[in-house]
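The structure under discussion appears below in the form of C-alpha cells.
All heavy atoms count here, side chains included; hydrogens, waters and symmetry mates do not.
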Amino acid sequence: SKWIQDFKEDTKVLMLTLNQVKPDLQQYTMNHSLEYQECLESIDLSSKNVLELGVGEGALSQLIWEQSPKSWTGYEIDDQYQLVPTENQQLIIGDFTKVNFSHLCEHWCLISNPPYNTLKFIEENILTRIYDAIIMIPQSKRDKYVLMGFELVTTIDGTDFVPSSEGKHLVMKRGFK
C-alpha cells in the first residue's frame, strides 16, 4: 500500500542520514524478515531467555516477542531507537561489548543480527557459554561458523537491506532441538 511505501522511503532516508552522521554506528535495516519468521516459528522459546544484540528498529525483536520467550534482553548502542519492551523484556541502551556475560547458561539463547564488527566478541564471550543460537553473519565467515556446529538456514542478499550492503548475509542456526 501507499502508506507502507512511504514508511519504507522515510526509513531509508532516516538510515542514510544516520549513517552519514554516525558512520561508526553504520546501521542496516532488513527490508523483509520472512526467513526469520519461519525459522522462529519452528522453535519453542517458552523456556528460553533470549539475548538479542544490535536491536536496531526492532523488526527481529517483534518476531521474537511473538514466540513468547521466557524473557528477552536486547542491546542497542543507538539511543534513537525507541522500542518499547513489555513484561519480561528489557532493552539496554549501550555497548554490549563492555558487558560481562558470565551469567549466561543453557537457559539462554542468542537470536541476533549483530553488528559484524562485534562477531569476535560474540564468539569469545557468548557462543562459548550458550549453545542455542540463530545469528546473521557475512558469507565470508561461513566456514568458521560451520566448524562451530552451525547450519545454514537461509541466505539474504545485500540489496535486501537499507542502505544496501555488499555481498550475501547468512542466517545460521545451532541447537534448538
Side-chain angles (χ1 to χ4, degrees), residues 8 11-12 15-16 18-19 22-45 48-67 69 72-78 81 83 91 95-97 99 101 104 106-177:
K8 285 184 177 181
T11 301
K12 187 182 296 187
M15 296 308 294
L16 291 171
L18 176 62
N19 292 337
K22 296 182 178 181
D24 57 322
L25 297 178
Q26 184 80 24
Q27 300 281 339
Y28 294 91
T29 301
M30 197 165 44
N31 284 330
H32 61 83
S33 52
L34 181 62
E35 291 86 355
Y36 265 110
Q37 183 177 358
E38 291 172 353
C39 182
L40 290 175
E41 287 174 351
S42 71
I43 58 178
D44 178 14
L45 294 178
K48 291 291 187 181
N49 300 304
V50 177
L51 177 63
E52 182 183 357
L53 306 171
V55 170
E57 294 181 347
L60 180 56
S61 308
Q62 295 290 341
L63 294 175
I64 293 168
W65 295 354
E66 289 173 12
Q67 300 306 312
W72 173 89
T73 301
Y75 284 86
E76 175 55 49
I77 198 166
D78 191 344
Y81 294 117
L83 195 65
L91 175 63
D95 183 352
F96 67 81
T97 64
V99 175
F101 286 103
L104 296 178
E106 70 274 2
H107 300 291
W108 282 85
C109 66
L110 174 69
I111 302 176
S112 187
N113 294 340
Y116 291 163
N117 65 345
T118 64
L119 287 174
K120 184 173 176 60
F121 175 86
I122 293 168
E123 289 171 334
E124 293 174 355
N125 296 281
I126 297 171
L127 294 177
T128 56
R129 291 181 167 81
I130 59 176
Y131 188 74
D132 294 339
I134 299 172
I135 187 169
M136 185 180 289
I137 61 168
Q139 188 170 28
S140 62
K141 300 277 185 183
R142 180 179 182 167
D143 290 342
K144 186 174 196 174
Y145 281 84
V146 168
L147 292 174
M148 294 175 65
F150 282 82
E151 61 187 44
L152 178 65
V153 174
T154 191
T155 302
I156 300 174
D157 192 74
T159 59
D160 289 330
F161 292 84
V162 176
S164 290
S165 63
E166 301 213 2
K168 302 272 186 202
H169 306 268
L170 310 178
V171 177
M172 305 292 285
K173 177 180 164 186
R174 178 175 78 180
F176 293 106
K177 303 293 181 209

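- In this structure, CD in E57 is found 10.0 Å from CG in D78, a value given to the nearest 0.5 Å.
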- Step by step, work out the side-chain contact (heavy atoms from CB on, under 4.5 Å) result for H169 and Y116. CA-CA 10 Å; H169 306 268; Y116 291 163; 2.7 Å; yes

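- Remark: the backbone N or O of C109 is not paired with any side-chain donor or acceptor of D132 at under 3.5 angstrom.
- No side-chain donor-acceptor contact under 3.5 Å links K173 to the backbone of C39.
- In this structure, I135 CD1 and L127 CG are separated by 5.5 Å, a value rounded to the nearest 0.5 Å.
- When all heavy atoms of P114 and T118 are compared, the closest pair comes out as CB-OG1, 3.9 Å.
- In terms of heavy atoms, F101 sits closest to F96 at CE1-O, 3.4 Å.
- For the pair R174 and Y131, the cation sits on the ring face: its NZ or CZ lies under 6.0 Å from the ring centre, inside 45° of the axis.
- The minimum heavy-atom distance between R129 and E124, with the atom names listed, is NH1-O, 4.2 Å.
- Between the side chains of E52 and S61, at least one donor-acceptor pair of N or O atoms lies under 3.5 Å.
- Heavy atoms only, all atoms of each residue included: I77 and D95 are closest at CD1-CB, 4.0 Å.
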Steps toward side-chain contact (heavy atoms from CB on, under 4.5 Å) verdict (F176, L45): CA-CA 9 Å; F176 293 106; L45 294 178; 3.9 Å; yes

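- Panel note: side chain T73, backbone L51; no donor-acceptor pair is recorded below 3.5 Å.
- Taking both residues in full, the closest heavy atoms of F121 and T97 are given as CE1-O, 3.3 Å, listed atom of the first, atom of the second, then distance.
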Assess whether side-chain contact (heavy atoms from CB on, under 4.5 Å) is satisfied between L60 and L40, documenting all intermediate values. CA-CA 10 Å; L60 180 56; L40 290 175; 4.1 Å; yes

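- Remark: Q67 CD to S42 OG distance equals 8.5 Å, nearest 0.5 Å.
- Looking at every heavy atom in both residues, E76 comes nearest to G54 through OE1-C, 3.5 Å.
- The CG atom of N125 lies 9.5 Å from the CD1 atom of I122; values are rounded to the nearest 0.5 Å.
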Please determine whether side-chain contact (heavy atoms from CB on, under 4.5 Å) holds for the pair V55 and Y75, giving the CA-CA distance in whole Å, both sets of side-chain angles, and the decisive distance to 0.1 Å.
CA-CA 6 Å; V55 170; Y75 284 86; 5.7 Å; no

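- Within the structure, every pair that satisfies the side-chain hydrogen bond (donor to acceptor under 3.5 Å, both in side chains) test and touches residues 148-157, not counting sequence neighbours, is listed here: D157-T159, D157-K168.
- With values rounded to the nearest 0.5 angstrom, I134 atom CD1 is found 4.5 Å from I111 atom CD1.
- Here the CD1 atom belonging to I126 is positioned 10.5 Å from the CG atom belonging to L119, to the nearest 0.5 angstrom.
- Between the side chains of E66 and Q62, no donor-acceptor pair of N or O atoms lies under 3.5 Å.
- Of the options R142, K144, M172, K141, a side-chain contact (heavy atoms from CB on, under 4.5 Å) to F150 is made by M172 and by none of the others.
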